[in-house]
Amino acid sequence: MLPKFDWVQLGAMFVLVAFGLAAIYSVALSAESGDLQFFQKQLVVFGIGVVLIVFMALSNYRLFRNWAFLLYLIGLLLLVGVLLFGTTVRGTTGWFRLLDFRFNRWSL
């Protein structure tokens, strides 16, 4: 399974992530507070993404064909649900809030 893996695409992704992390780190250091909170959050999200990439690369993607319609319906329901029940964050109504946890980029 790994010989068919697209190593060039993975390498390009790592280069882009490295540039993004370097930019976030540079901005964080140039700020007066020197807070690396966003850099650390980005590292956590990157780690989760790498785990998901490895999981998906090693799994049989053909099994998702059986679940495609259900996943599509769930996606549509979430999109409609955010329009009806979403909270407004920084002028954009597009986030869910469950109890005290917000599903958006600032919630990690």
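- Applying the ring-ring contact (aromatic ring centres under 6.0 Å, His included) rule to Tyr25 yields the partners Phe39; only residues at least two apart in sequence or on another chain are considered.
- Considering all non-hydrogen atoms of both residues, Phe38 and Ile24 come closest at C-CG2, 4.0 Å.
- Distance check: Arg65 CZ to Asn60 CG gives 9.0 Å after rounding to the nearest 0.5 Å.
- Hydrophobic clustering of Ile, Leu, Val, Met, Phe, Trp and Tyr side chains at less than 4.5 Å, counting indirect connections, unites Val50 with Leu43.
- Checking side-chain atoms of Ser26 against main-chain N and O of Ala23 turns up no donor-acceptor pair under 3.5 Å.
- A chain of hydrophobic side-chain contacts below 4.5 Å, direct or via other Ile, Leu, Val, Met, Phe, Trp or Tyr residues, connects Trp7 to Val17.
- The distance from the CD1 atom of Ile48 to the CD1 atom of Ile53 is 12.5 Å, given to the nearest 0.5 Å.
- Distance CG/Leu73 to CG/Leu78: 11.0 Å, rounded to 0.5 Å.
- No path of Ile, Leu, Val, Met, Phe, Trp and Tyr side chains, each step under 4.5 Å between heavy atoms, connects Phe69 with Ile74, placing them in separate hydrophobic clusters.
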